[in-house]
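For reference, the structure discussed in these notes is given below.
Naming: A, B, ... by sequence-line order, numbering from 1 per chain. Here the structure is a predicted model, which is why all the values come from computation and not from measurement.
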2 protein chains.
Amino acid sequence: MPDHALLHKLSAFLSPHEIAADAEALLTDQRRRYTGEAAAAVLPDSVAQVQRIVRFCAEHRIPITPQGGNTGLCGGAVPQGGVLLNLSRLNRIRLVEVADNAITVEAGAVLQTVQQAAAAAGRLFPLSLASEGSCQIGGNIATNAGGLNVLRYGSMRDLVLGLEVVLPDGELVSHLAPLHKNTTGYDLRHLFIGSEGTLGVITAATLKLFARPQSTATAWVGVDSIEAAVALLTLMQGQFAERLCSFELLSAWALELSARYSGTPAPLAAEWHVLLELNDSLPAQDLDGSLAECLMQNGFDNAVLAQSGSERQMLWRLRENVSAAQRDLGASIKHDIAVPIARVAEWVRQTGAALEAAFPGIQIVVFGHLGDGSLHYNTFLPGVLDQEVYRYEAAVNEVVYRHTLACEGTIAAEHGIGQVKNHWLPQVRTPAEIALMRAVKAQLDPHQLMNPGKLLPPM
Amino acid sequence: MPDHALLHKLSAFLSPHEIAADAEALLTDQRRRYTGEAAAAVLPDSVAQVQRIVRFCAEHRIPITPQGGNTGLCGGAVPQGGVLLNLSRLNRIRLVEVADNAITVEAGAVLQTVQQAAAAAGRLFPLSLASEGSCQIGGNIATNAGGLNVLRYGSMRDLVLGLEVVLPDGELVSHLAPLHKNTTGYDLRHLFIGSEGTLGVITAATLKLFARPQSTATAWVGVDSIEAAVALLTLMQGQFAERLCSFELLSAWALELSARYSGTPAPLAAEWHVLLELNDSLPAQDLDGSLAECLMQNGFDNAVLAQSGSERQMLWRLRENVSAAQRDLGASIKHDIAVPIARVAEWVRQTGAALEAAFPGIQIVVFGHLGDGSLHYNTFLPGVLDQEVYRYEAAVNEVVYRHTLACEGTIAAEHGIGQVKNHWLPQVRTPAEIALMRAVKAQLDPHQLMNPGKLLPPM
């Protein structure tokens, strides 16, 4: 609930439009899993205003939760009191420099807007994910977002050349020059990337650009097993190398749900489905021909190649609608894991068996970015009423994460930690590592004001 | 000078061959610029032995300097007392996993050995630099090495999937699984990459592999100005994208020196020279034809394309011999800077003019990796006797670095900080950043035992 005395103090240095009239709308995340609270919600217009807000909060020991598009899946941008600092108005494209293959944008710029600005300069900004129409660059950086093109272009971490950050005491640190090589001391940029707003407020970034794809080939391939899908991946990487930009896996059931939801028939029948895409920066490369030949020669003949742009879109819609299609099944317990690609099959088999033993009748939707070893693994408990499902969350997670760690995997591939997994951190990082994280935090944010309750485990 | 009491204590847990008989040989860096001292030099056989050594030194408060191939250019691996910990014997290739496009190697593995192990698995490990026959992976990681292929594949930082590190108290932290996506808390891996042995001892790493190039096209292009070279770079990146793997710049004088030294005529006459290379992971791509056509159509007609493997090697030798060719000129004051590519021309012009004004007759060899904005900029003072040159080092650096910072550049592109540039760090990082670096250091290494005198500025 709003704190009127605080709002009054803030209005001393913020314009009326920099104070949210309806803070409520910003307190619940996009998928309505978490609702937080804030004494005030502010939307500063400029970096200088961000500094003023942060300095004010530091002086008055008021917690701050930075927020971008609020599309995160781990509740990282849902405040637990204090000031909600929404970056949406800080959304300029500051500079596109083609000679340096770089673009400098503010934190509140929507990912799609950045993609479009790159396109207008004849370049590609490759980060692509389901929420690209509303997620913001600052949040993408704060969570080290992944998505569909990581296989070729890397995660957000790999795309950042420089950052501008307001530290928890209000100081601005700016390193936005597009330097492709730089070795001046410990790399602090990568500390902020993925720090989920706990170390300061990212206000701008310089990002890498790439050449635009000029030719594309898209195939849907049916295989009998995940092992066969991994063999296909290895084949594609050996043959097409960086041309392979996406390699997505869907279980038969994931496809069935999505096909029904999309009103589109499944392109083919199989136990497991792969959607893969090649692209090339040179026009008129016969990618379709090479891909078809390679698939046939290697026995991957249960396959369909997109023959047109609309066929390609149709295939991608089947992949993209997997998430939406699951809503009809009720609430699910979601996971965002990665294991070494060579162990994905083992992980899926063992985790599925263990869950079925513990929760007979459990339903599992498996899909994700096999090219990166990263899977979304959503579990449904039929007969358990909607939100009641979350009573089983800890027990289901325990099984899923135990198997993930046994396969040398990670419990957080691309969605971050937020307030969902922070108590799991001591399972995946040693005490020395967590002590180092806390030392970094204490140095920058001695009063623990930046996004409290997120990322780091409770003390 | 060796400390016999210390050697005796070390021999209690080290085999005779793990204690260097001739420590002297390890105390001077490869180019004989720095000579250090050590009470003992050890070459452990295993990670467990590294842990024992580090634990022993921690208990007895003895400084440790980790050392790989000792090829660094900034004196980072030259000890200033204590124990010299050479990783050369820790040199196994532990695992190549093609499905994950990853290789796990120990710190002492020579870069070329890693390249060869990748090749044996049908893959490419792309880091390539002049000292690849003797530099070691641990040192490449500790200094975030760059080199010839950064344009396409990134610096060492971009090639590391995971690290195994012995912390300054002897604890082993191991994250070697080949995970392409992972967002579990602050990224500590990137703190160790580029930390120059000041935070712990890197003992192994999991590195990214890539498809092997199957077709190559190499061109030598003469241009009138750096501006024209930058225009050529932008053209090449727009046309050939990731196929462009090297884009090297040489001044006419750098080429003249190298041609004379190499006994090879210059391929063409021009003010500035570009050596560029395209490669493709598909065989039988007509890269030569496309490259020739693109150069001609865009007016870059003062150009030579390598018509054979030996012609290609000859062109590369001219580039690679630039360093060696300078030795005849006597000692030089070297710089390893980068500025935004769009500002390289401005930087070269302004810095050259300022140096000539301050040091009339100064000779400057300009060459480097224009594709990354990174230049080697070596200055000679004719008439100043060899080692006497270094009396002018601070004054020359002051001019060079002042102009670098004015162009938003970095004073350390790919050689690191070591003991050469640490006093410059406060000029390029804010007090808050240096305080954070010191806090990281204090947390991991409270007794300041790891590689003292390097990277961080003196207190």
Legend entry - Region of A:Q214 in contact with chain B, defined by heavy-atom distances below 4.5 Å: neither
Inset, instruction - Could you tell me whether a side-chain N or O of B:K454 sits under 3.5 Å from a main-chain N or O of B:G76, the two making a donor and an acceptor? - result: yes
Inset, instruction - Check each atom of A:F210 against the heavy atoms of chain B and say whether the ones under 4.5 Å are side chain, backbone, both or neither. - result: neither
Legend entry - Ion pair check, A:D280 and B:R243, cut-off under 4.0 Å: yes
Inset, instruction - Answer with side chain, backbone, both or neither: which region of A:E433 has an atom nearer than 4.5 Å to a non-hydrogen atom of chain B? - result: both
Legend entry - Toward chain B, the part of A:R212 with a non-hydrogen atom under 4.5 Å: neither
Legend entry - Top contributor to chain A contacts, counting heavy-atom pairs under 4.5 Å, from B:I193, B:V98, B:T198, B:D158: B:T198
Inset, instruction - Sort A:V150 into side chain, backbone, both or neither according to what part of it lies under 4.5 angstrom from a heavy atom of chain B. - result: side chain
Legend entry - Flag for B:R189-B:H175: side-chain donor and acceptor within less than 3.5 Å: no
Inset, instruction - Pick one of side chain, backbone, both or neither for A:L425, based on which atoms fall under 4.5 Å of a heavy atom in chain B. - result: side chain
Legend entry - chain B interface, residue from A:G194, A:G185, A:C407, A:G373 that has the most non-hydrogen pairs under 4.5 Å: A:G185
Inset, instruction - Answer with side chain, backbone, both or neither: which region of A:L444 has an atom nearer than 4.5 Å to a non-hydrogen atom of chain B? - result: side chain
Inset, instruction - Report yes or no: does B:H180 contribute a side-chain atom to a donor-acceptor pair with the main-chain N or O of A:A338 at less than 3.5 Å? - result: no
Inset, instruction - Answer yes or no: is there a donor N or O on one side and an acceptor on the other, between the side chain of A:D336 and the main chain of A:H376, under 3.5 Å? - result: no
Inset, instruction - Under 4.5 Å heavy-atom distance to chain B, tell me which part of A:S195 shows up: side chain, backbone, both or neither. - result: both
Legend entry - Segment of A:V230 engaging chain B (4.5 angstrom heavy-atom cut-off): side chain
Legend entry - Among the listed options B:E97, B:E242, B:Q239, the residue most often paired with chain A at heavy-atom distances under 4.5 Å: B:E242
Legend entry - Structural part of A:R343 lying under 4.5 Å from a heavy atom of chain B: neither
Inset, instruction - For the pair B:E414 and A:K181, find out whether any cationic side-chain nitrogen is under 4.0 Å from an anionic carboxylate oxygen. - result: yes
Legend entry - Proximal component of A:I337, with respect to chain B [non-hydrogen, under 4.5 Å]: neither
Inset, instruction - Please look at B:E408 and chain A and tell me whether the side chain, the backbone, both or neither of the residue comes under 4.5 angstrom of a heavy atom of that chain. - result: both
Inset, instruction - For the pair B:N451 (side chain) and B:E196 (backbone), establish whether a donor and an acceptor sit closer than 3.5 Å, ignoring hydrogens and angles. - result: yes
Inset, instruction - Let me know if A:T430 has heavy atoms under 4.5 Å from chain B in its side chain, its backbone, both or neither. - result: side chain
Inset, instruction - Could you tell me whether the side chain of A:S290 and the main chain of A:D286 form a donor-acceptor pair under 3.5 Å? - result: yes
Legend entry - Part of A:H415 lying under 4.5 Å from any heavy atom of chain B: backbone
Inset, instruction - Answer whether the closest heavy-atom distance between the side chains of A:C294 and A:L235 falls below 4.5 Å. - result: yes
Inset, instruction - Please look at A:N101 and chain B and tell me whether the side chain, the backbone, both or neither of the residue comes under 4.5 angstrom of a heavy atom of that chain. - result: side chain
Inset, instruction - Mark yes or no for whether A:D372, through its side chain, and A:S374, through its backbone, hold a donor-acceptor pair below 3.5 Å. - result: no
